[in-house]
Amino acid sequence: MRERVSGVLYDPAGRMVGKGGLPFTDEQADAIARRDGPLLLSANAGSGKTSVLTERFVRSVLEDGIEPGRILAITFTDKAAGELRTRVRARFVELGRRDRARDLDAAWISTFHGLCARILRAHAVRAGLDPGFGVLEEAESRDVRNSAFERALADFLEGDRPEALDLVAAYGVDALQLRIIATHDQLRSAGMTRPRLPAVRTDAPDGAALARALERAEAELGVDDARRSVIGARAALARCRELLAAGVAPELAALEAAEFKPGNTKALQGDGCTAYLDALQAYNTGWRDALAGKAVVLLDDLLGRYADAYATAKRARAALDFDDLELLARDLLRGTPAVRAAYAQRFERVMVDEFQDTNATQLDLLELLGSERFVVGDELQSIYGFRNADIELFRARRAALAGAGRVATLATNFRSRGQILDTINAAFAPRLGLGFVALREGRPPAAAGAPLVELLLTDQSGWDADGEDAVDLGELPR
């Protein structure tokens, strides 16, 4: 049901228009009009994606009869959320619907963290939280993390644990702390409430195959061959026999000493010697894997102690970090069908900006909310990899929707002149391949004047003409 408006939604020619009565491009109008069902919009830089988000929100209310409080709009920063709310409110006012502008006070326009905090505060007891919980800022969270690692490390080294001490000595405390905290954060972003490393095998390799190959090689090398290379090979075989007879974990250096190089000596290139060297390599790899597996077990132990110490420190402060907000909100929706159903019914439409910077937990949240989603992003503008965002989620979603014709593109750029865009296209299209969508000029052509692109010639030292750093700009626009 369409609502009454005093402003303009369409011009006399029937074109969809936005703020100030300016017509949308065909690409923009298509993205705004396709409001039923899922849609992924791949939006180039400067292509007006915020205008599209704003207009979709406004027309969902005025043309489709959906209440503002039943639309969920997610952005990636508080500033972006504030800008979107402001622009939606201004558009309602422009269209003579101040009542709808006032309704935005109850609208769900926020970041993922804002959404999760709102859900958790509404159901704090169910989620096992203090209703007055706070959220740790980055600097405060860093201090809590450092203290938690110190406690975890002290517990890890307590008692007679020479293997733990060896691990810390091998890595160094500072490097170990960086690895443990980074792994903890990465696994939490991937959806683990309490991170664990994958199980690995730590059993010693079976030496039977190597022993059989050793006998073949010994039989193949005559004891009367006095060539230096053959004598060296027999000495290597003798060292291998000693290692196998010892029955204990060998030093990796000792395994390397049991190897010989066949070189051009034909006597060392027979089937027996070849089989021995292959078996020795497999045995060496097996021991390396076993030793690495034992290290993984120790690292997992320290990771778990750190995770517990960090969680305890946060509970003592009645505080959560940003990962907690997402994980606990997800767990609440997963584990409480009534709460999940209430939110799934509440939101008739979901819009997500900067979708290329989502992580697995955020995608789980969207799936649990259940509504059809309009997602906007550009894989070439992904900037949150350092926060464990996963660009593959965007690519997978795009691939899944492409077959159903549910992918659209905004390629027209309104920020830069054509000469600049042509230069960008020439520079990056060869490097980025199929992932690059050429930018098109959306601004009115400028009068001829000074060149807008300046080519700076620099020293080529350190640049490999055939390497990844080389960019063929072709013929640049003047």
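- Annotation: side-chain hydrogen bond (donor to acceptor under 3.5 Å, both in side chains) contacts of R179 (sequence neighbours excluded): none.
- Smallest separation of non-hydrogen atoms from S47 and L410: OG-CB, 3.5 Å.
- Residues passing the side-chain hydrogen bond (donor to acceptor under 3.5 Å, both in side chains) test with R118: none are found, sequence neighbours excluded.
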- [ ] Take Y310 and V144 through the test side chain to side chain contact (heavy atoms under 4.5 Å, CB included) and record every step on the way to the result.
- [x] CA-CA 7 Å; Y310 184 43; V144 177; 3.7 Å; yes
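- Side-chain polar atoms of N284 and R288 form a donor-acceptor pair below 3.5 angstrom.
- A donor-acceptor contact closer than 3.5 angstrom links the side chains of R87 and S51.
- In this structure D364 satisfies the side-chain contact (heavy atoms from CB on, under 4.5 Å) test together with R330, R334, sequence neighbours excluded.
- Ring geometry, F322 versus H113: the interplanar angle falls under 30°, so the pair is classed parallel (tilted spans 30 to 60°).
- Sorted by first then second residue, the salt bridge (charged side-chain N to carboxylate O under 4.0 Å, His left out) pairs that include residues 400-409, not counting sequence neighbours, number zero.
- Looking only at side-chain heavy atoms (C-beta outward), L115 and I119 come within less than 4.5 Å of each other.
- Considering L327, T361, N359, T183 as possible partners of R188, the one that fulfils the side-chain contact (heavy atoms from CB on, under 4.5 Å) test is L327.
- For the side-chain hydrogen bond (donor to acceptor under 3.5 Å, both in side chains) test, no residue two or more places apart in sequence or in another chain qualifies with E137.
- When each of V376, I32, T409, V407 is paired with L41, the side-chain contact (heavy atoms from CB on, under 4.5 Å) condition holds for V376 and for no other.
- For the residue pair A360 and L393, the shortest heavy atom distance occurs at N-CD1, 3.5 Å.
- R121 forms a cation-pi arrangement with F133, by the criterion of a distance under 6.0 Å to the ring centre and an angle within 45° of the ring axis.
- R100 is linked by a salt bridge (Lys or Arg N to Asp or Glu O under 4.0 Å) to E3, E67, D103, counting only residues two or more places apart in sequence or in another chain.
- Residues R349 and S60 have side chains that bring a donor and an acceptor to within less than 3.5 angstrom of each other.
- Figure legend: cation-pi geometry between R15 and F24 absent, as NZ or CZ is not positioned both under 6.0 Å from the six-membered ring centre and within 45° of its axis.
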TODO: Show your reasoning for whether side chain to side chain contact (heavy atoms under 4.5 Å, CB included) applies to F156 and R161.
DONE: CA-CA 8 Å; F156 180 67; R161 301 190 69 192; 3.6 Å; yes
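- At a cut-off of 3.5 Å, with distance as the only test, no side-chain donor of T358 or D390 sits close to an acceptor on the other residue.
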